[in-house]
*Asks:* 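Sharing a structure with you now.
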Amino acid sequence: MIKEITTLAENPTPVALIGVGGIGKTAIALTVLHHDRIKQRFGENRRFIRCDQFPATLSHLLRRISKVIGAGIENPEDLTPLRPFLSSNQTIIVLDNAESVLDPQGTEAAEIYDLVEELSQLPTLCLCITSRIWTIPPGCETFEIPTLLMDDAFRIFYHIYKYDKPSDLVRNVLEKIEFHPLSITLLATVAHQNRWDTNRLTREWEQRRINVLQTRHKKSLAATIELSLASPMFQGLGPAARELLGVIAFFPQGVDENNVGWLFPTISNGSDVLDGFCVLSLTYRSSGFITMLAPLRDYLCPKDPNSSLLLCATKEQYFTRMSVCIGADKPSFGRESQWIILEDVNVEHLLDVFISIDANSDGVWDACDNFLQHLMWHKNRLTILGPKIEGLPDDHRSKPICLFQFSKLYHTVGDFVEQKRLLTHTLNLRRERGEDDQVALTLVDLSDANRLLGLLKEGIQQAKEALGIHERLGDTMRQAGCLRQLAFILLDDGQLDAAEEAASRSIGLVPEIGTQPLVCNSHRILGDIYRSKGETEKAIHHYDISLGIASSVNFHDGLFWAHCSVVRLFLDQGRLDDAHAHIKQAKSHTDHSPYKLGLTMELQAYIWYEQRRFEEARSEALCAIDVYEKLGAANDVESCKKRILRYVQEELEDRLSCELL
């Protein structure tokens with residue numbers, strides 16, 4: 001960047017360096033100003049003006065320019081008397097902290113802007129502007145100054161801090177402050193002055209965060225940030241600006257620009273205020289979000305979240321939106337629930353903080369339950385909320401439901417051992433409370449976890465117990481769900497006729513409309529049963545029904561499993577191209593689930609094997625094993641390892657046959 005700016009300055013071309021306070025704009029400008037090529041080009045006519053050291057008026061700016069260029073004119077009213085001095089020599093002038101005079105809310109903003117624009121157009125003058133705001137003459141080549149690269153940040157830190165040897169602990173801290181130059185300089189200075197070793201430095205940072213960044217000479221990041229907040233432009237954004245900035249700072253991802261309307265219904269000009277933050281370089285845009293650098297977040301984030309009325313109102317907006325009833329058969333399954341895919345980290349952090357503040361709040365735990373359901377349907381991953389859920393007292397109202405929903409996340413990522421552990425705990429709690437319907441629901445999921453762990457007899461017993469409870473309670477819909485699960489596990493146990501009867505009963509108990517996921521899965525299971533019986537046409541018929549139902553409601557989970565079943569059928573028939581086409585379809589519906597990804601790898605490996613592409617088959621299977629091992633899916637690991645042994649053996653036999661020929 002310095003090389004590029006230096007080349008522009010030599011031409012001369014006006015340059016503007018824009019960025020948040022402490023990002024290194026002044027340092028870059030000074031480096032260019034003292035560069036050998038710039039010295040050779042401009043000689044002694046290299047001038048530096050700090051615009052924050054005099055009042056933001058046209059007369060004061062003209063007077064300062066007159067002084068630095070040696071014009072000797074006391075009170076010029078405009079640029080006219082200074083032109084002979086500026087045109088007689090090639091000159092470079094740096095206007096540092098130019099936001100002080102270019103702030104559009106200033107009393108003489110228009111006149112000053114016109115003057116600076118006129119300066120930028122002088123053919124003998126190279127104007128270099130450093131500013132926190134984007135209000136600059138249009139002819140300037142603009143550079144938005146980024147944070148440092150890791151190696152540069154590390155080098156700068158140890159150039160100041162000489163007390164201890166280089167350490168990865170320091171790298172971790174520098175990453176947390178996102179390589180912000182001023183923060184690095186302040187941190188290194190404080191650590192050097194106090195003679196902290198790297199362990200003490202890390203501990204101080206973790207405990208005090210932004211408060212560490214203040215030297216004994218009262219230089220601090222806080223002062224730099226407050227300077228931006230004191231500007232007329234920021235003040236002109238209105239009384240809600242500071243609190244809105246705090247809300248943005250609170251959320252790790254910042255604020256989604258598309259959600260400003262429903263997140264902040266009381267702020268009529270919310271989008272305009274957010275634009276103002278970006279103009280002031282307090283925030284920046286990233287993948288549709290308005291966010292800010294970590295040091296600014298630490299400083300601006302409300303120290304007591306409950307003290308921010310706007311943050312509390314935002315929390316309620318999130319909680320309300322998460323409360324919509326979701327499921328592949330629900331009208332809200334589209335936009336009204338899929339927004340969580342983009343905002344999951346924000347919501348997770350919101351819950352984590354407010355659970356820590358008040359773990360007895362029913363509203364927070366209800367929101368946690370809803371959040372876990374959103375993750376299960378739309379973003380298969382675990383959550384940092386797990387320890388807080390398990391740490392609840394067993395008699396807490398929300399513990400069974402949150403444990404139950406948390407167990408589903410373990411299912412989606414393929415960790416069935418953990419899923420079973422959580423479900424067993426949930427089952428005990430629900431039995432103690434006499435919640436028969438909830439006991440039955442837990443038994444169904446526990447049955448499926450045991451099926452996936454290969455514990456079929458235990459799983460069959462649990463599915464039958466759940467069915468008996470729902471029959472006693474007269475719940476037809478849930479009877480159908482139990483029968484579907486029973487069919488699934490009976491199929492794995494080789495009891496094909498009993499499985500067929502259970503799946504058919506499941507479909508017959510409920511209408512298709514309003515129960516699409518249930519009916520979709522039951523048809524797929526029937527297809528698997530007929531495939532095992534060798535009745536191919538019946539299998540294809542039920543797979544087609546399953547795919548059609550899943551497509552009609554965009555049911556990704558149903559589409560994934562149906563396509564996988566079709567792949568297996570085509571592999572049975574040797575229709576490898578058709579199998580390959582359906583494995584591609586399955587991959588497009590994995591929903592970020594590692595387990596589903598592992599399964600597609602395993603099936604792809606089998607397709608390569610059937611095509612005698614043994615090396616690719618082995619490589620794909622090894623990738624699947626790696627996924628399964630990370631998830632603790634022991635049965636799948638064993639299955640894959642057996643296949644690899646077969647791939648290797650057949651590859652060796654093939655090679656031996658070729659050598660003999």
Side-chain angles (χ1 to χ4, degrees), residues 20 207-211 213 220-231 233-278 280-284 286 289-323 339-340 342-368 370-371 384-385 388:
V20 66
Q207 292 174 356
R208 295 166 57 195
R209 307 289 287 188
I210 194 72
N211 293 325
L213 304 181
S220 70
L221 182 62
T224 299
I225 297 171
E226 287 296 339
L227 187 63
S228 294
L229 302 185
S231 70
M233 186 174 177
F234 183 81
Q235 297 300 317
L237 293 175
R242 179 67 182 254
E243 199 171 15
L244 179 54
L245 204 57
V247 172
I248 296 172
F250 175 84
F251 290 109
Q253 296 173 269
V255 171
D256 188 337
E257 286 196 85
N258 294 321
N259 291 339
V260 171
W262 68 262
L263 269 181
F264 310 112
T266 61
I267 302 178
S268 58
N269 63 335
S271 295
D272 293 337
V273 176
L274 294 181
D275 286 342
F277 293 161
C278 290
L280 285 160
S281 297
L282 289 165
T283 61
Y284 62 93
S286 176
F289 282 78
I290 301 290
T291 188
M292 63 181 67
L293 293 176
L296 273 72
R297 286 205 308 270
D298 280 343
Y299 180 76
L300 294 166
C301 182
K303 301 303 179 279
D304 174 13
N306 276 327
S307 68
S308 170
L309 296 179
L310 185 59
L311 178 56
C312 290
T314 304
K315 175 194 72 172
E316 294 306 320
Q317 291 296 105
Y318 271 122
F319 285 7
T320 299
R321 192 163 193 188
M322 280 193 299
S323 66
W339 64 272
I340 199 71
L342 292 177
E343 294 244 28
D344 59 309
V345 175
N346 274 349
V347 176
E348 183 177 52
H349 178 70
L350 183 73
L351 287 165
D352 189 37
V353 169
F354 279 92
I355 286 171
S356 299
I357 291 172
D358 183 6
N360 295 316
S361 168
D362 288 342
V364 172
W365 287 110
D366 289 342
C368 180
N370 291 329
F371 174 64
I384 61 172
L385 301 175
K388 285 186 167 64

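Values below: all heavy atoms of this structure, side chains included; hydrogens, waters and symmetry mates excluded.
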*Asks:* Applying side chain to side chain donor-acceptor pair (under 3.5 Å), can you list everything that pairs with N306, at least two apart in sequence or on another chain?
*Replies:*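 Testing N306 for side chain to side chain donor-acceptor pair (under 3.5 Å), a comparison that skips the adjacent residues, returns none.
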
*Asks:* Could you verify whether a donor N or O on one side chain and an acceptor N or O on the other, from D362 and W365, lie under 3.5 Å apart?
*Replies:*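 Side-chain D/A pair, D362 to W365: absent.
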
*Asks:* Ignoring hydrogens, what is the shortest heavy-atom contact between V345 and P252? Give both atom names and the distance.
*Replies:*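 In terms of heavy atoms, the two residues are closest at CG1-CB, 4.0 Å.
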
*Asks:* Looking only at heavy atoms, which two atoms of I225 and P295 are closest? And how far apart?
*Replies:*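 So the minimum-distance heavy-atom pair works out to CD1-O, 4.5 Å.
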
*Asks:* Restricting to non-hydrogen atoms, name the atom on D344 and the atom on Q253 that form the minimum distance, rounded to 0.1 Å.
*Replies:*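 Taking every non-hydrogen atom into account, N-OE1, 4.1 Å.
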
*Asks:* Search all heavy atoms of I384 against all heavy atoms of E348 and return the closest pair with its distance.
*Replies:*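 Distance-wise, the nearest heavy atoms are N-OE2, 3.1 Å.
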
*Asks:* From L274 CG over to L282 CG, what is the distance, rounded to the nearest 0.5 angstrom?
*Replies:*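 Those atoms lie 11.5 Å apart.
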
*Asks:* I need the L280 CG to M233 CE distance, nearest 0.5 Å.
*Replies:*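 L280 CG to M233 CE: 4.5 Å, rounded to 0.5 Å.
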
*Asks:* How close do S228 and S231 get, counting heavy atoms only, and between which atoms?
*Replies:*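 Taking S228 first and S231 second, the nearest heavy atoms are O-OG, 2.9 Å.
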
*Asks:* Tell me, please, which residues at least two apart from F251 pass ring pair (Phe, Tyr, Trp, His ring centres under 6.0 Å).
*Replies:*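 Once residues adjacent in sequence are excluded, the partners of F251 under the ring pair (Phe, Tyr, Trp, His ring centres under 6.0 Å) criterion are Y318.
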
*Asks:* Give me the atom names and distance for the closest heavy-atom approach of N370 to S323.
*Replies:*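 That would be ND2-CA, 3.5 Å.
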
*Asks:* State which residues pass side chain to side chain donor-acceptor pair (under 3.5 Å) with T224; sequence neighbours excluded, sorted by chain then number.
*Replies:*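 Checked T224 against side chain to side chain donor-acceptor pair (under 3.5 Å); zero matches.
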
*Asks:* Applying salt bridge (Lys or Arg N to Asp or Glu O under 4.0 Å) as the test, list every pair that has at least one member in residues 299-314; sequence neighbours left out.
*Replies:*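 Output for this query is empty, none listed.
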
*Asks:* Let's go through N258 and W339 carefully: what are the C-alpha distance in whole Å and the side-chain angles of both, what is the deciding distance for side chain to side chain contact (heavy atoms under 4.5 Å, CB included) to 0.1 Å, and is it a yes or a no?
*Replies:* CA-CA 10 Å; N258 294 321; W339 64 272; over 6 Å; no

*Asks:* To the nearest 0.5 Å, tell me how far L229 CG sits from Y299 OH.
*Replies:*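 Going from the CG atom of L229 to the OH atom of Y299 covers 7.0 Å.
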
*Asks:* Rounded to the nearest 0.5 Å, what's the gap from CZ on R321 to CG on N259? Could you check?
*Replies:*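 Going from CZ on R321 over to CG on N259, the span is 5.5 Å.
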
*Asks:* Considering only distance and modelled atom types, tabulate donor-acceptor pairs under 3.5 Å from the side chains of residues 240-250, sequence neighbours left out.
*Replies:*
residue: R242; atom: NH2; partner: E226; partner atom: OE2; Å: 3.3
residue: E243; atom: OE2; partner: S308; partner atom: OG; Å: 3.1
residue: E243; atom: OE2; partner: L309; partner atom: N; Å: 2.9
residue: E243; atom: OE2; partner: L310; partner atom: N; Å: 3.0

*Asks:* Nearest 0.5 Å, what's the CG-SG distance between L311 and C301?
*Replies:*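 Between atom CG of L311 and atom SG of C301 there are 7.5 Å.
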
*Asks:* Can you list the residues that meet the side chain to side chain contact (heavy atoms under 4.5 Å, CB included) rule with N211, with sequence neighbours excluded?
*Replies:*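 Only R208 meet the side chain to side chain contact (heavy atoms under 4.5 Å, CB included) criterion with N211.
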
*Asks:* Report the residues that fulfil side chain to side chain contact (heavy atoms under 4.5 Å, CB included) with Q235, sequence neighbours left out, ordered by chain and then residue number.
*Replies:*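 None.
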
*Asks:* Looking at residues at least two apart in the chain, or sitting in another chain, which of them share a side chain to side chain contact (heavy atoms under 4.5 Å, CB included) with T291?
*Replies:*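 By the side chain to side chain contact (heavy atoms under 4.5 Å, CB included) rule, T291 matches Y284, S286, R297.
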
*Asks:* Keeping to residues at least two apart or across chains, list the salt bridge (Lys or Arg N to Asp or Glu O under 4.0 Å) pairs with something in residues 246-265.
*Replies:*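 As it turns out, the salt bridge (Lys or Arg N to Asp or Glu O under 4.0 Å) pairs with a partner in residues 246-265, which skip direct neighbours, are E257-R285.
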
*Asks:* Start with the C-alpha gap between V353 and I357, add the side-chain angles, then the distance that decides, and say whether side chain to side chain contact (heavy atoms under 4.5 Å, CB included) holds.
*Replies:* CA-CA 6 Å; V353 169; I357 291 172; 4.0 Å; yes

*Asks:* Could I get the full list of salt bridge (charged side-chain N to carboxylate O under 4.0 Å, His left out) partners for D272, not counting sequence neighbours?
*Replies:*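 Here no residue qualifies.
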
*Asks:* Which distance, rounded to the nearest 0.5 Å, do you find between the OG1 of T314 and the CZ of F319?
*Replies:*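 Reported to 0.5 Å precision, the distance equals 11.0 Å.
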
*Asks:* For S361, which residues count as a side chain to side chain contact (heavy atoms under 4.5 Å, CB included) partner, sequence neighbours excluded?
*Replies:*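 Scan of S361 (side chain to side chain contact (heavy atoms under 4.5 Å, CB included), adjacent residues dropped) gives D358, V364.
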
*Asks:* Which residue pairs pass the salt bridge (Lys or Arg N to Asp or Glu O under 4.0 Å) test with at least one member in residues 306-316, sequence neighbours excluded?
*Replies:*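 Of all non-adjacent pairs touching residues 306-316, none passes salt bridge (Lys or Arg N to Asp or Glu O under 4.0 Å).
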
